[in-house]
Every structure is written in structure tokens, then in C-alpha cells.
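Sequential numbering from 1 along the given sequence is applied to the chain's residues. Fair warning: this is a prediction, and the values are worked out from it, not measured in the lab.
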Amino acid sequence: DFITEIVSTIKTPFYGISYCGADENEIVDKPTIAKAANRCLELKGVNAAFAIGRISNDTVAISARSDSTINVQLIMEKLDNGGGHLIAAGTAMKNVSISVAVDRLLLVLEENLNKARVVKE
């Protein structure tokens, strides 16, 4: 199934943070990208998951999910008008490749991950 195919590309660039991406040449619908992010989040040790895919010829979407220890809304807001909520957020980027979207995501994570960590009382 297509979701499993996307999830099979999973990488963990930071402790507890994972991302996966669809093939550059495939058009994927937003619900499929969201389901891939949800499935990554179910994996042991994953606190936040990002799934990336092309939703049209000129747009790449990122779906972000969190177990509530990482504020994915904060991360998505740093990327091209993204937004959402603490545990579910997303963005869409025009005229970029999936690899460029990944690079931007990794840069934003590197710069903002500590701010995005939710401190539990």
C-alpha cells in the first residue's frame, strides 16, 4: 500500500524526530500524506513525524504529527505559511522539489527544535 511505501523511507535526523517522503514523481493526496505521518508517529521512540509529498505539479505538502511533546505547529509556521495545532500541523510549498522541502524542514528543525519541545509540569 502507498502509505507503507512512503513510511518505508523513514529517516531520523534528530532524537525522537522522523520524516518520510513520497517519490518525487508521484502526485499524492493530502490525506495519504497525513496518514503516513500518523503511521510514523506510531513507531516506538518517535515524538514527532513529518511526511512529505507532491500534491500537484507545483506544490509539495508536509504533514506534521506529534505525541504532544513537540509543538509541530511552531515548526510548520516557520515554513511557508504553515500552521495548525500542537499535535497536528502542515504546510504546502510552491515550486520546490521534495528534496528542497526536506532540506528546509531539516534547517527549521535544527534552528527551532529546542523551542518546540513542550515542557511538562
Side-chain angles (χ1 to χ4, degrees):
D1 101 59
F2 198 50
I3 295 164
T4 304
E5 196 178 302
I6 296 169
V7 173
S8 73
T9 69
I10 195 165
K11 292 183 178 52
T12 307
F14 303 97
Y15 181 80
I17 308 298
S18 68
Y19 73 91
C20 59
D23 184 270
E24 182 70 59
N25 301 312
E26 297 219 41
I27 304 290
V28 191
D29 63 3
K30 278 186 179 179
T32 299
I33 297 169
K35 288 173 188 163
N38 287 333
R39 187 151 327 149
C40 286
L41 189 61
E42 293 168 3
L43 299 172
K44 185 173 171 52
V46 175
N47 302 115
F50 301 86
I52 304 161
R54 183 166 296 289
I55 57 170
S56 70
N57 286 331
D58 69 345
T59 308
V60 171
I62 301 178
S63 185
R65 295 295 181 271
S66 166
D67 65 1
S68 81
T69 63
I70 305 287
N71 182 345
V72 291
Q73 177 183 356
L74 185 147
I75 300 298
M76 290 296 97
E77 285 174 350
K78 303 281 183 191
L79 285 167
D80 294 17
N81 304 312
H85 302 280
L86 169 72
I87 62 166
T91 191
M93 299 179 188
K94 291 276 189 197
N95 303 314
V96 297
S97 64
I98 288 178
S99 64
V100 166
V102 167
D103 290 346
R104 286 190 190 168
L105 172 64
L106 293 175
L107 185 63
V108 167
L109 283 167
E110 194 174 311
E111 293 173 348
N112 298 279
L113 190 53
N114 285 336
K115 285 180 235 159
R117 290 192 190 278
V118 177
V119 178
K120 298 281 186 200
E121 294 300 317

>> Starting from Met76, can I reach Val28 by hopping between I/L/V/M/F/W/Y residues whose side chains sit under 4.5 Å apart?
In response: no

>> Check for me, please, whether Phe2 and Ile33 land in the same ILVMFWY cluster - side-chain distances under 4.5 Å, paths through other members count.
In response: yes

Please report the closest heavy-atom contact between [X] and [Y], naming both atoms and the distance.
| X | Y | result |
| --- | --- | --- |
| Arg65 | Ala89 | NH1-O, 3.6 Å |
| Ile70 | Ser66 | O-OG, 2.6 Å |
| Ala88 | Val72 | N-CG2, 3.8 Å |
| Ala37 | Ala51 | N-CB, 3.6 Å |
| Ser63 | Ala34 | OG-CA, 3.3 Å |

> Can you list every pair that meets side chain to side chain donor-acceptor pair (under 3.5 Å) and has a residue in residues 12-27, with sequence neighbours left out?
Replying inline: Glu24-Arg54

Rounded to the nearest 0.5 Å, what's the gap from [atom1] on [X] to [atom2] on [Y]? Could you check?
| X | Y | atom1 | atom2 | value |
| --- | --- | --- | --- | --- |
| Cys20 | Glu5 | SG | CD | 11.5 Å |
| Leu79 | Thr91 | CG | OG1 | 6.0 Å |
| Ile62 | Leu105 | CD1 | CG | 5.0 Å |
| Leu43 | Ile10 | CG | CD1 | 5.0 Å |

>> Can you tell me if Asp58 has over 12 outside heavy atoms packed within less than 6.0 Å of its CG?
In response: yes

> Would you call Ser68 and Leu86 a side-chain contact if the rule is heavy atoms closer than 4.5 Å?
Replying inline: yes

> Taking side chain as C-beta onward, heavy atoms only, is Phe50 less than 4.5 Å from Ile17?
Replying inline: yes

> Which residue, Ile6, Ile3, Asp1, forms the side-chain contact (heavy atoms from CB on, under 4.5 Å) with Lys35?
Replying inline: Ile3

Please table the atom pairs, donor to acceptor, closer than 3.5 Å between any side-chain atom in residues 106-119 and protein atoms at least two apart or in another chain.
from: Asn112; atom 1: OD1; to: Lys115; atom 2: NZ; distance (Å): 3.1
from: Asn112; atom 1: ND2; to: Val108; atom 2: O; distance (Å): 2.9

Would you list the atom pairs, donor with acceptor, under 3.5 Å between side chains in residues 92-101 and any protein atom, with sequence neighbours excluded?
from: Lys94; atom 1: NZ; to: Thr59; atom 2: OG1; distance (Å): 3.2
from: Ser97; atom 1: OG; to: Ser99; atom 2: OG; distance (Å): 3.1
from: Ser97; atom 1: OG; to: Val100; atom 2: N; distance (Å): 3.1

